[in-house]
Amino acid sequence: MPKLSFPEGFLWGSATSANQIEGNNTNTDWWVWENSEQRAKELRNKNKNPEDFKSGTACDSYNRYEEDFDIAKSLNQNVHRFSIEWARIEPSKDVFDPKEIQHYRMVLQALKNRGIKTFVTLHHFTNPIWFAEIGGWEKRANIQHFIKYSEKVFLELGDLIDFVCTINEPNIYSTMSYLSGRWTPQQKSLSKTYTVYENMLYAHIEVYKLAKRLDYKFPLGVAQNMVAFEGRGLGKLVALIARYFYQKSFLDRIYKYSDFIGVNYYIRNLFAFSWKPPFLHKIKELPLTDFSWEIYPKGFYSVLKEVGVYKKPVYITENGLADSEDKNRKEFIQEHLHWMHNAMSEGVDVRGYMHWSLLDNLELAEGYEMQFGLVKVDRKNNFERKIRESAKYYAEICKSNSIEVL
Ligand code: BGC
């Protein structure tokens, strides 16, 4: 079988986030929400058991990170993306917890000891309770708190950090929390969505300037959720507009303040238009993941080409699928990497790929049913980790820095 090689020094790894794997992140707005009576009622109304939707002990990675990193190392991964939980290190406004800062020093050191590069996200959806209570990302005046927290992270942990991702998916956070209302604080307001998006953009730029002012050498960027927008007939116009507002307008404004662009790619949205209500439809016609997301590897190529226009280094900060039986993951990885390679051979400067996720984890508002892990986590059996077959396949790619194609 022919082989396609990747450039020397290409980074291969996986990604996680604090709230989704650590467990007991009791100082977050998410914790308050998932334990609230309002959320429980909402779930019971849908005939669901609220207990299945609480992060609880998650994967217990707060205590088991050494074991997790041993696994990543055994799978030949040389970079790892994870997030620092702001609510842990600043549990009250302006009060930083040295114990938790020390914890993250140990986490970073554990990666370094294994020769794995550290890719640190500062904000991955969750906020400290106090920050949410003063209006969170809705208020421009609150952004100073995020900047202060970022500075603290740089000063205390900067020597162990190789890459910084300021904010994970401002477009997903603002739309899920303020437009569809599916995540806390469950608002449905277009104007708030816009404000939050703008405030995140501002926060990213300010943190970028701060890092440069303090002369940190780590590359700093943002992770943008990139959708392959496509359309049939008049749906093409809708796709164009959606692409602009959802992802392009943001990148157009931040790329000058980013050393790299992080791409999280999962899905396509295919729009079709008809003259009968509801006029606009979203069509699905490809094989689906457990989450009912279309598997569309070619879309990876299109979003990379979109990002390529900024002429910046690109890191794939997330790409993966929910596949509890591990039926499609191997092929998914192979085909996505093939299309990524195509984009690279046409000039897109991709320098690393981090699969989502290392572990099965809390899939946010969906509980634990959706399994994105290269490694299965048996939460009922002492959190036992079990390496999936697809992870072994991916490990060979990481080792050989190449993929075999048909
Ligand atoms: C998020 C992850 C999430 C994944 C799968 C991404 O948008 O960054 O936190 O688990 O999608 O839904």
Side-chain angles (χ1 to χ4, degrees), residues 16-62 83-88 90-93 121 123-139 142 145-146 167-193 195-197 199-200 225 266 289-293 322 324 356-357 359-373 377 379-380 383:
T16 61
S17 92
N19 185 47
Q20 293 177 265
I21 63 160
E22 284 182 350
N24 295 312
N25 280 2
T26 54
N27 289 325
T28 64
D29 55 349
W30 196 281
W31 183 275
V32 172
W33 176 57
E34 61 188 11
N35 286 291
S36 68
E37 185 44 39
Q38 177 210 346
R39 171 77 171 144
K41 211 162 129 193
E42 214 177 86
L43 289 165
R44 280 195 298 266
N45 285 344
K46 290 183 189 155
N47 277 330
K48 294 191 167 154
N49 179 359
E51 292 310 309
D52 296 339
F53 292 80
K54 293 183 180 172
S55 54
T57 36
C59 306
D60 195 29
S61 289
Y62 185 80
S83 74
I84 290 185
E85 188 63 74
W86 179 9
R88 278 191 189 275
E90 193 179 356
S92 319
K93 188 163 135 233
T121 307
H123 185 271
H124 198 120
F125 301 148
T126 43
N127 301 297
I129 297 170
W130 62 264
F131 182 74
E133 280 174 354
I134 58 170
W137 294 91
E138 289 173 47
K139 296 214 178 97
N142 290 347
H145 298 296
F146 180 70
I167 302 177
N168 183 63
E169 303 183 334
N171 48 1
I172 288 275
Y173 177 77
S174 53
T175 51
M176 294 296 275
S177 299
Y178 290 90
L179 192 64
S180 70
R182 286 176 57 202
W183 296 354
T184 182
Q186 297 199 283
Q187 309 256 328
K188 293 185 179 175
S189 151
L190 191 57
S191 77
K192 282 190 183 172
T193 307
T195 306
V196 167
Y197 200 46
N199 284 341
M200 288 189 142
N225 183 276
Y266 291 93
T289 70
D290 292 354
F291 218 155
S292 291
W293 294 352
S324 62
W356 184 271
S357 176
L359 306 170
D360 287 346
N361 58 45
L362 174 81
E363 182 42 33
L364 306 160
E366 319 296 326
Y368 287 95
E369 212 180 310
M370 295 301 143
Q371 298 179 11
F372 281 82
V377 176
R379 298 182 73 248
K380 294 207 179 83
F383 301 94

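Since the structure is predicted, the reported quantities are computational estimates derived from the model, not experimental observations.
- Within the model, atoms CG of Asp29 and OG of Ser177 stand 8.0 Å from one another, a figure rounded to the nearest 0.5 Å.
- To the nearest 0.5 Å, atom CD1 of residue Ile84 and atom CD of residue Glu22 are 9.5 Å apart.
- A distance-only check finds a donor-acceptor pair linking the side chain of Thr175 to the backbone of Ile172 [under 3.5 Å].
- Listed by chain and residue number, Lys54 satisfy the salt bridge (charged side-chain N to carboxylate O under 4.0 Å, His left out) test with Glu51 (two or more places apart in sequence, or in another chain).
- Taking every heavy atom of both residues into account, His123 and Trp86 meet most closely at CD2-CE3, 4.3 Å.
- Under the side chain to side chain contact (heavy atoms under 4.5 Å, CB included) criterion, Ile129 pairs with Val32, Glu133, not counting sequence neighbours.
- Rounding to the nearest 0.5 Å gives a distance of 6.0 Å between OG1 of Thr16 and CH2 of Trp356.
- The shortest side-chain heavy-atom distance between Met200 and Phe146 does not fall under the 4.5 Å cut-off.
- Nearest heavy-atom pair across Gly23 and Ala58 is N-CB, 3.5 Å.
- Side-chain contact between Tyr62 and Asn24 is absent, with no heavy atoms from C-beta onward closer than 4.5 Å.
- Rounding to the nearest 0.5 Å places CD of Gln371 at 4.0 Å from CG of Asp360.
- For the pair Thr57 and Phe383, the minimum side-chain heavy-atom distance is below 4.5 Å.
- By the 4.5 Å heavy-atom criterion applied to side chains, Phe131 and Glu90 are not counted as neighbours.
- Thr126 and Glu85 share a donor-acceptor pair across their side chains, judged by distance under 3.5 Å alone.
- Relative orientation of the Trp293 and Phe291 rings is parallel, given thresholds of 30° and 60° on the angle between their planes.
- Panel note: side chain Glu34, backbone Ser55; a donor-acceptor pair is recorded below 3.5 Å.
- Shown here for Phe53 and Gly367, the closest heavy-atom pair between the two residues is CD2-N, 3.7 Å.
- A donor and an acceptor atom, one from each side chain of Asn171 and Asn225, are nowhere located under 3.5 Å apart.
- When all heavy atoms are compared, the tightest approach of Ser174 to Tyr197 is OG-CD1, 3.6 Å.
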Item to check | Stepwise side chain to side chain contact (heavy atoms under 4.5 Å, CB included) check, Leu190 with Leu179 | outcome: CA-CA 6 Å; Leu190 191 57; Leu179 192 64; 3.8 Å; yes

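- Not one N or O on the side chain of Arg88 forms a donor-acceptor pair closer than 3.5 Å with the backbone of Asn27.
- Defined by atom type and a distance below 3.5 Å, a donor-acceptor pair is present between the side-chain atoms of Gln186 and Glu42.
- Put simply, the side chain of Ser17 does not reach to within 4.5 Å of the side chain of Thr121, judged on heavy atoms.
- Using a 4.5 Å cut-off on side-chain heavy atoms (C-beta onward), Arg44 and Pro50 make contact.
- Identified under the salt bridge (charged side-chain N to carboxylate O under 4.0 Å, His left out) test for residues 362-371, with sequence neighbours left out: Arg182-Glu366.
- Note that OG of Ser83 and CG of Asn168 are 8.0 Å apart. Values are rounded to the nearest 0.5 Å.
- Looking only at side-chain heavy atoms (C-beta outward), Gln20 and Trp30 stay at 4.5 Å or farther from each other.
- Under a 3.5 Å cut-off, the side chain of Lys139 and the backbone N or O of Ile134 do form a donor-acceptor pair.
- The side-chain heavy atoms of Asn19 and Trp31, taken from C-beta on, include no pair separated by under 4.5 Å.
- Under a 3.5 Å cut-off, the side chain of Asn361 and the backbone N or O of Ile21 do not form any donor-acceptor pair.
- Ring centers of Trp183 and Phe125: under 6.0 Å apart, within the cut-off.
- With rounding to the nearest 0.5 angstrom, the CG atom of Leu359 is 11.0 Å from the CG atom of Asp60.
- Taking the six-membered ring wherever Trp is involved, the centroid distance between the rings of Tyr178 and Trp137 does not fall below 6.0 Å.
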